[in-house]
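Below, chain A is the first sequence line, B the second, and so on; all start at residue 1. All values derive from a computational prediction rather than experimental measurement.
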Amino acid sequence: MSSFRSLPPLNPRQQEAHDYIQGPLLVLAGAGSGKTAVITRKIAHLVQHCQIPAYRITAMTFTNKAAREMKERVSKLLPADQLKGLTVSTFHNFGLNLLRLELKHTPLKPNFSIMDADDCKRLLMDLMQRDNLSGAESKELINKAIRRISDWKNDLLDPQQAIATAESPEDLQLAHLYELYERNIRAYNAVDFDDLIVLPTRLLQDNAELREKWQHRIRYLLVDEYQDTNTAQYMLVKLLVGVLGRFTAVGDDDQSIYAWRGAKPENMALLAEDFPSLKVVKLEQNYRSTSRILKAANSVITNNPHLFEKSLWSDKGHGEVIRVITCRNDDDEAERIVHDLMTHKLMNGKTWQDYAVLYRGNFQARVLETQLREMQIPYKLSGGTSFFARTEIKDVMSYLRLIINPDDDSAFLRIINTPKRAIGPSTLEKLGLFAQESQLSLLAAAGDQRLAMALPKKAASQLHEFAEFIEQYTRDLHDNDEPVPLVRQMINETGYIDYIREQASTPQAEKVRMDNLESLFSSIQNLINRAEDVNERNIESVIRKLVLLDLLDQQQEAEDTDKVNLMTLHAAKGLEFPFVYIMGLEEDLLPHKNSIAADTVEEERRLMYVGITRARQELTLTLAEQRRAGGNMKQSTPSRFLDELPAEELEWSGKKKAKLSNVDPKEQAKAYLANLKALMK
DNA sequence: CGAGAGGTGATTTTT
DNA sequence: TCACCTCTCG
């Protein structure tokens, strides 16, 4: 209670969203409008003043990071005993948990594997090869297939429905592939990311008893970033809240930038249809940015059609004018941004982490990196390959997956010849055939004595040896509450460590890989130590959860010191910085040419809107007159979004000076830096 | 099976 | 331009 009194008051709209619990509520939370404060304080309010115990409340987010932040903030509002059992998790984690608890109602066996995007791709490739679609054609097809299958799943269509509704011969082919894919993934006793939403949703749809059980269990549901839900996720929400509709959905249709991944911002409008008693509260006061920045944001976004009209305002004063810098080319652009940033920091006594440079595509970071390194400015690049996409992590994870799930053929295929065991494609093909005929998993087939008849002696004995190795560790690790040393021993014994040493091209590369493995091991250890439920203190449940965790993010967050932030506009959603640069304001880049072609410029505009609203104090936009595209320079046209900004708030500059010729840019940079330092003294 | 040559394609990626 | 993938040859 005492902590409550010290909280800043909510504004009237926030208060309204906070207090309203009688029925379904949609909170239209503009950027920087304090939505997390509303959600977290509402959870505390529900517990302390509405007689809803924490274990009856569930909050769903999209990212682990958001879930972590939310948990942390709620824990500051409630004493530990009142916090007990509160669920704050990502959609996927929630789904996983539901599957685990209702396992007997699912087609899954215990210790099922979760396949990530990469695993699924491999599986599809394999299936297509069997269908003998080879070469260049299949590569193109594979990306289409992945996208299409995911779309079908997210729309809750099973393979039969997909086949029935296929729109073209090619689509039908993909639908058949979908059917094959589903059969295989189930045979592996595995699920993909989409299944973590789809399977629980189907379960609740088909089973009234379970549905009632879960509806009873969750007395109040809160959904963050509601505009990013896809059809399956919305269906899951609907099934969980039932007719009573005890929920708060928080979202902003103007920040919907993931439609290309299946998000359906129109779910916001659907909510009003499905729950006629829906109350809508708009949070329009922004606590982040100056009014000039908000004016710019509003001005851009009014060019989009709107479900709900919304206009951000703040009382933070006008602030600085918005600068637009025209640069000669992409190198010049990076150089100017870096110089500008450096000058600004020194003049204003700010820290590196106060700055962010945002861009449309990851490739744009490259020139920036070069420039920043030259100036010895520390920077942080977010995005790129995720921790679990690293080869060494995927390899070791596959060993572990196979240990806990012998049916996981996908894991088997990944590691059977990693490190090299002289087991080549022809051996594998024969093994696959044998496994299929005898209805066995690849691992079981590899261990089967009859194999010797189907294969050359050498190959058969290699396979036997491998199977025995896995089986031995399966026994040793089962029910072992100190598994990590054994895991280390196993990985060592496979020769994987030596393999990394041989493979690594440089000592640094080797170190990075070894470090990655170390953090994987220590994460496993941490998860085991931290497991609240004793039943979860084993390698099986830890491995299952591991793929869903953002280990790298957490790791990175921990070691984050004072660095300039470089990230894509997508990655910037949810973040804020005092000083923001958005680069590449050109047609075909922002908006991206594919979006122009596909007529989805509106989403690009929202991306622009998200970018603008990241800035607290100052916003700088840059564009290049020429840009490298492939090998040669291409002329570019200023982005249409520049015309949509309020001209009176912009200050244009740049492109005047002809570059000082014959001067080494490095020398120039050094001189510049020396100058600045002298200036500061 | 593995190392090099040549070819090709290049948004965004919460889990 | 460059990185990654594929294909081929030893």
How far, in whole Å, is B/dT11 from C/dT6 if one measures between their C1' atoms? 24 Å
Less than 4.0 Å between a side-chain N and a carboxylate O, is that true for A/D254 and A/R606? no
B/dT12 base stacked by A/W260 (centroids within less than 5.5 Å, tilt under 30°): yes
Would you indicate what A/N417 reaches in the nucleic acid, counting non-hydrogen atoms under 4.0 angstrom: base, sugar-phosphate, or nothing? sugar-phosphate
When the ring planes of A/F62 and A/F91 are compared, do they come out parallel, tilted or perpendicular, using 30° and 60° as the limits? tilted
What interatomic distance, in whole Å, is found between P of C/dC5 and the corresponding atom of B/dT12? 16 Å
Rounded to whole Å, please give me the gap between CG in A/D224 and C1' in B/dT15. 15 Å
What's the CG-P distance between A/N143 and C/dC4, to the nearest Å? 16 Å
A/E586 CD to B/dT11 C1': how many Å, rounded? 15 Å
Excluding sequence neighbours, so at least two apart, what forms salt bridge (Lys or Arg N to Asp or Glu O under 4.0 Å) with A/K35? A/D224, A/E225
Could you tell me how far apart A/Y258 (OH) and B/dT11 (P) are, to the nearest whole angstrom? 16 Å
If you assign A/D228 and A/H592 each to the DNA chain B nucleotide with the nearest heavy atom, which residue ends up on the more 5' nucleotide? A/H592
B/dT15 P sits how many Å from A/M115 CE, rounded? 19 Å
Nearest whole angstrom, please: distance from the P of B/dT13 to the CD1 of A/I146. 17 Å
As a quick check of understanding, evaluate side-chain contact (heavy atoms from CB on, under 4.5 Å) for A/Y234 and A/Y226, giving each step before the final call. CA-CA 9 Å; A/Y234 176 41; A/Y226 178 75; 3.2 Å; yes
Does a donor on one side chain sit under 3.5 Å from an acceptor on the other, for A/T231 and A/N154? no
Please determine whether a side-chain nitrogen or oxygen atom of A/R366 lies at a distance below 4.0 Å from atom OP1 or OP2 of C/dA3. yes
What contact category does A/F91 fall into here, base, sugar-phosphate, or nothing, at under 4.0 angstrom with non-hydrogen atoms? nothing
Does a nitrogen or oxygen in the side chain of A/N362 sit under 4.0 Å from OP1 or OP2 of B/dT12? yes
Rounded to whole Å, how long is the line connecting atom CD of A/Q462 with atom P of B/dC1? 11 Å
Provide, to the nearest angstrom, the distance between the CD atom belonging to A/E369 and the P atom belonging to C/dT1. 19 Å
Counting only side-chain N and O atoms of A/T568, is one of them less than 4.0 Å from OP1 or OP2 of B/dT13? yes
If you go through the side-chain atoms of A/R261, does one of them form a donor-acceptor pair with the base of B/dT11 closer than 3.5 Å? no
